[in-house]
Amino acid sequence: MAKEFSTREENYSKWYNDIVQRAGLAESSAVRGCMVIKPYGYAIWEKMQGALDKMFKDTGHANAYFPLFIPKSFFSREADHVEGFAKECAVVTHYRLKNDPEGKGVVVDGDAKLEEELVIRPTSETIIWDTYRQWIQSYRDLPILVNQWANVVRWEMRTRMFLRTAEFLWQEGHTAHATEKEALEETYQMLDVYADFAENFMAIPVLKGVKSENERFAGAVETFCIEALMQDGKALQAGTSHFLGQNFAKAFDVKFASKEGTLEHVWATSWGVSTRLVGALIMAHSDDNGLVLPPKLAPIQSVIVPIYKNDGQYDTVVGKARELYDALKAKGILVKLDDRDTHKPGWKFNEYEFKGVPVRLAIGPRDVEKGTVELARRDTLEKEVVSMDQVVERVETLLEDIQHNLYNRALNFRNENTRKADTWEEFKQILEEQGGFIEAHWDGTAETEQRIKEETKATIRLIPYDENKEAGKCVYSGEPSARRVVFARAY
RNA sequence: CGGGGUGUAGCGUAGCCCGGUUAGCGCGCCUGCUUUGGGAGCAGGAGGUCGCAAGUUCGAAUCUUGCCACCCCGACCA
């Protein structure tokens, strides 16, 4: 029936939107540029939060919460920071409404104008560093390793579900250190945490590296990132970790007395990932039958669909299904038993396929008779019949298989779509015909990067820092280059 | 903010050029019966300020003007 959703081939962005809608992840809201994250989509985010939060705690961080509102003046403290965010800030100017004298609902009360306007945080560096000034006097107060889970607002011109919305949910870590070395180590460590999360939970291979100056976070000395490749050949920045140097400490006058008795500015980092990761998850693994979720992030890892013809069969089949449900649940597997009589089995099969549930178990009268269950895996759509006493074990290994298979599939895809370009013609041809990551030499200048961007829409995604250097000539200017960098068109 | 496009039931749409019965259809929804191993069938039923406002007209979904919203393409971005 109503099966008209797009394929990736036909219309990639429509396919993406269809999945977001049909899988019940999110929908657009009454507010321009903002989305409603629906329960199933939010459940995925909660799974992400759970895994990341544990990783943060395991590396010594603690959660805290800072205000949504930031005094406007804070933004002008750090010059690059203002410049980076000024164009996309929402500003609160009044604090009261009143009845419209002309009787047309409510209006802003002009008498209730704020003395100092408040910016709704696009990120929290400024308010946090204003606070850290109070917290830090001595080297004994360091390091401060704090994370916050929060919403932020960036007034974007064009928005896309999960990938770019005016308001989004994220996590921002803000740390303060006594030495440059320690701050740098923190920056690297958190990038590793993100890469680990992307690969082992999201099943998405990522490249790690440094951003070019153009792409650097406003106010950072150096921005590190992980980049993933989506199925349409476009890159997506999946996480960033910034080495802030002493920029914010200087802007907010945060100094500490060192062991040696000198007064020094504090070294800082910040790092974040957002609900954008949900978008990455969709675009990395899903297929033309709908969403495909890696088992470790699936809100429902397995679903049991009973099949029956009449009330008598319902009782036996669902009875068996309940036993199965209990057995799976006892093993810690997130299982759902869909015993609704309002939908037919075939309908449910399609529904859970569309929602990306990794493993489906179907049990009918024939199975009860023979002591079997039919298993179907979402990643390959393969089916198998397993005897009842082996089901739980089989589901466990299937979930692991699927997790690995998705990662390997994504890794193969990335390998097949990472190419070297040594001439400008080659570079443009790869972009036009194939997309993907392009490793090419770059002369290191912002001008060349800008020109390449203008001519091809491709940007430098990152400068790999763990790659063996290989000298060559810039693909655009022909000037000498010390190493290849990674280009791509990006989200 | 520039260029292009679209607004008709919960969703998708026909009708608009050329104004004239009760605004039609598919999906979904409700009721009943038959069904149930890959999106069931039949019968009956509910659901509409035709984006908003003003104008032209005996008469506007249809023509005119203004506004709003959304989508696509550009500049910006996690």
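Keep in mind it's a predicted model, so treat the numbers as computed, not measured. Proteins come first, then strands; the chains are lettered A, B, ... in the order of their sequence lines, and each starts at number 1.
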query = Are A:Asp53 and A:Lys57 ion-paired here, with the side-chain N under 4.0 Å from a carboxylate O?
reply = yes

task = Both distances under 3.5 Å, Watson-Crick or G-U wobble: report the partner of B:U64, or none.
result = B:A54

query = Roughly how many Å is it from CD1 in A:Ile363 to C1' in B:G37, rounded to a whole number?
reply = 12 Å

request  = Ignoring hydrogens and angles, answer whether the base of B:G38 and the side-chain atoms of A:Lys383 contain a donor-acceptor pair closer than 3.5 Å.
outcome  = yes

task = May I ask which nucleotide in the shown strands pairs with B:U35, Watson-Crick or G-U wobble, both distances under 3.5 Å?
result = none

Scan nucleotides 69-73 of chain B against the protein and return all N/O pairs shorter than 3.5 Å with their distances rounded to 0.1 Å.
from	atom 1	to	atom 2	distance (Å)
B:C70	OP2	A:Arg32	NH1	2.8
B:C73	OP2	A:Arg158	NH2	2.3

Check: protein-nucleotides 42-46 of chain B nitrogen or oxygen pairs below 3.5 Å:
none

key: Test ring pair (Phe, Tyr, Trp, His ring centres under 6.0 Å) applied to A:Phe427 and A:Phe487, step by step   = CA-CA 9 Å; A:Phe427 185 95; A:Phe487 286 88; 5.1 Å; yes

query = Nearest of B:G38, B:G39, B:G37 to any side-chain atom of A:Glu374?
reply = B:G37

query = Does the ring of A:Phe349 lie flat against the base of B:G39, closer than 5.5 Å centre to centre with planes under 30°?
reply = no

query = Looking at B:U36, B:G39, B:A78, which one has an atom nearest to any side-chain atom of A:Pro345?
reply = B:U36

Same-atom distance (C1') from B:G7 to B:C50, integer angstrom = 10 Å

query = With distance as the sole criterion, is a donor-acceptor pair present between the side chains of A:Gln148 and A:Ser124 under 3.5 Å?
reply = yes

message = Taking only side-chain N and O atoms of A:Lys344, does any of them lie within less than 4.0 angstrom of OP1 or OP2 on B:G37?
response = yes

inquiry  = Without decimals, in angstroms, what is the distance between A:Asp18 CG and B:C27 P?
reply    = 19 Å

